[in-house]
> 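The structure under discussion is supplied below as structure tokens; questions concerning it will follow.
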Protein chains: 2
Amino acid sequence: MKRTKNEKEAEVLEHYLTSRHLKHSKQRKIILRFFLNAGKHVSPDELYRMVQKEYPRIGYATIYRTLRLLCVSGLSRELKFQDGVARFEPQYGTAHHDHLICTKCGRLIEVMDPEIERLQEKLTKAHGFYPETHRMELYGICRRCKK
Amino acid sequence: MKRTKNEKEAEVLEHYLTSRHLKHSKQRKIILRFFLNAGKHVSPDELYRMVQKEYPRIGYATIYRTLRLLCVSGLSRELKFQDGVARFEPQYGTAHHDHLICTKCGRLIEVMDPEIERLQEKLTKAHGFYPETHRMELYGICRRCKK
DNA sequence: CTCTATGCAAAACCTTTGCATAGAA
DNA sequence: TTCTATGCAAAGGTTTTGCATAGAG
């Protein structure tokens with residue numbers, strides 16, 4: 001259930017703030033809510049516009065600062081695709097995945113292949129690295145655009 | 001042999017310029033030379049500084065314009081890692097590869113795993129996409145930094 | 001009360017663009 | 001000559017920062 005899920009994320013944020021003696025401001029709760037309801041991978045600017053409509057007093061700086069906060073508290077991760085624009089997506093309770101992107105229409109599909117994951121780890125270790133994360137983007141033309 | 005290799009790339013550029021009725025300027029040759037000798041993945045700024053030392057009259061704009069030219073003529077490809085800085089690497093005569101990056105020291109290793117490549121293509125097709133390119137970055141801690 | 005967070009505007013980046021002039025073709 | 005390329009500076013777009021004030025603890 002959606003509501004419950006967002007509450008869980010609100011809790012994570014609360015806990016993070018409390019543990020660091022940071023403040024539970026209204027803005028942070030508002031921005032978290034918009035961020036979670038925005039769906040996938042918003043840019044700071046997109047998020048700013050959405051929030052603006054209801055809360056015109058909230059500025060860019062707070063959006064940026066809060067997105068960073070969400071990243072360090074584990075609720076968001078930052079993506080950078082080839083267009084260079086920073087995008088953020090919720091990641092709490094979300095399984096790891098990569099992205100398949102249509103170069104014509106921009107359509108974005110989340111993908112995950114355990115076999116690829118396994119080989120990535122193996123390859124990393126083969127070079128003496130301790131694996132941390134990875135990102136993989138597959139670019140192509142989607143079914144609709146191919147026609 | 002290095003010299004021969006650079007000559008081959010110079011030829012590619014010449015050919016591209018000629019075919020589009022573009023001009024074979026001194027700056028383009030100079031920047032190509034520095035670009036090829038720079039080693040892997042330079043940022044526009046790094047390239048600018050290198051060129052500056054010998055040719056102080058060459059400006060940022062020309063660096064940027066030439067890097068774009070090198071990309072469209074197939075001599076360079078643009079990379080964007082998590083730090084968001086654009087980097088360019090020579091790609092003529094270079095086999096496709098991905099990157100393994102140390103999150104502590106920034107060390108960068110080129111990697112390629114045919115089995116991963118095969119699975120990436122398969123995964124793309126499984127979603128009805130016609131595969132074009134992909135990018136994969138593996139992040140971890142390298143042997144030296146682990147100690 | 002104390003001290004962090006906010007809002008605003010300015011600054012800091014990185015990259016692109018307009019325009020007059022240099023220089024290939 | 002004709003036109004593209006260059007150099008410079010200004011403009012664009014995105015993200016960060018300084019500072020006075022608001023507001024949470």
Side-chain angles (χ1 to χ4, degrees), chain A residues 10 13-35 41-73 76-88, chain B residues 10 13-35 41-73 76-88:
Chain A
L13 181 59
E14 306 269 296
H15 182 266
Y16 183 86
L17 295 174
T18 304
S19 73
R20 315 254 159 162
H21 302 283
L22 301 174
K23 305 201 167 166
H24 301 218
S25 73
K26 285 172 187 167
Q27 289 89 334
R28 286 177 174 166
K29 286 170 190 170
I30 291 167
I31 293 170
L32 174 62
R33 200 180 76 225
F34 276 81
F35 173 66
H41 57 90
V42 276
S43 68
D45 185 62
E46 285 162 0
L47 186 56
Y48 170 74
R49 287 168 203 268
M50 291 191 259
V51 172
Q52 273 289 302
K53 284 181 191 159
E54 268 187 65
Y55 303 91
R57 298 295 313 279
I58 294 183
Y60 266 108
T62 304
I63 298 287
Y64 275 98
R65 288 189 277 229
T66 304
L67 281 171
R68 240 184 313 176
L69 175 67
L70 295 181
C71 286
V72 299
S73 64
S76 169
R77 81 167 170 149
E78 189 177 347
L79 307 169
K80 274 190 206 286
F81 300 132
Q82 274 175 13
D83 66 2
V85 181
R87 285 168 187 285
F88 295 82
Chain B
L13 181 59
E14 307 268 298
H15 181 267
Y16 183 87
L17 295 175
T18 303
S19 73
R20 317 254 158 161
H21 303 283
L22 300 173
K23 306 205 165 164
H24 300 219
S25 73
K26 286 173 185 165
Q27 289 90 335
R28 287 176 174 167
K29 287 169 188 168
I30 290 167
I31 293 171
L32 174 61
R33 200 179 79 224
F34 275 82
F35 174 65
H41 58 90
V42 275
S43 68
D45 185 64
E46 285 162 0
L47 186 57
Y48 171 75
R49 284 168 207 269
M50 291 192 258
V51 171
Q52 272 290 300
K53 285 180 190 158
E54 268 186 64
Y55 303 91
R57 297 297 311 281
I58 294 182
Y60 265 109
T62 304
I63 298 287
Y64 275 98
R65 287 189 277 231
T66 304
L67 281 171
R68 241 185 311 175
L69 175 68
L70 295 180
C71 285
V72 298
S73 65
S76 169
R77 80 167 170 148
E78 188 175 347
L79 308 169
K80 275 188 206 284
F81 300 132
Q82 276 176 12
D83 65 4
V85 181
R87 286 167 187 286
F88 295 82

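Naming convention: chains lettered A, B, ... in sequence-line order (proteins, then strands); numbering from 1 in each chain.
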> Is the backbone N or O of B:Arg87 less than 3.5 Å from a side-chain atom of B:Glu78, with the two atoms forming a donor-acceptor pair by type?
no

> Got a second to check how far B:Ser76's OG is from B:Leu13's CG, nearest 0.5 Å?
11.5 Å

> For DNA chain D, which residues in residues 24-33 of chain A have a heavy atom at a distance below 4.0 Å?
A:His24, A:Lys26

> A:Lys23 has an atom NZ; how far is it from atom C1' of D:dA24, in whole Å?
5 Å

> How about CZ on B:Arg33, more than 12 heavy atoms from neighbouring residues, nucleotides or ligands closer than 6.0 Å, or not?
yes

> Figure out the NE2/P separation between B:His21 and D:dA5, and round it to whole Å.
12 Å

> Would you call the rings of A:Phe34 and A:Tyr55 parallel, tilted or perpendicular if under 30° counts as parallel and over 60° as perpendicular?
perpendicular

> If I compare all heavy atoms of A:Phe35 with all of A:Val42, which pair ends up nearest, and what's the gap?
CD1-CG2, 3.9 Å

> Which ones in residues 54-73 of chain A lie close to DNA chain D, meaning a heavy atom under 4.0 Å from one of its atoms?
A:Ala61, A:Tyr64, A:Arg65

> Tell me the interatomic distance from B:Leu13, atom CG, to D:dA5, atom C1', rounded to whole angstroms.
13 Å

> Any donor and acceptor pair, going by atom type alone, linking the side chain of B:Ser73 with main-chain N or O of B:Leu70 inside 3.5 Å?
yes

> Please work out which residues in residues 41-52 of chain B have a non-hydrogen atom less than 4.0 Å from an atom of DNA chain D and list them by number.
none

> With a cut-off of 6.0 Å (strictly less than), are more than 12 heavy atoms of other residues, nucleotides or ligands near NE2 of B:His15?
no

> For a quick test of reading the model, state the closest non-hydrogen atom pair linking B:Arg28 to B:Leu22 and the distance between them.
NH1-CB, 4.0 Å

> Quick one: closest heavy-atom pair of B:Leu79 and B:His41, and the distance?
CD1-CB, 4.1 Å

> Looking at every heavy atom in both B:Pro44 and B:Phe88, which two are closest together, and how far apart are they?
CG-CE1, 3.7 Å

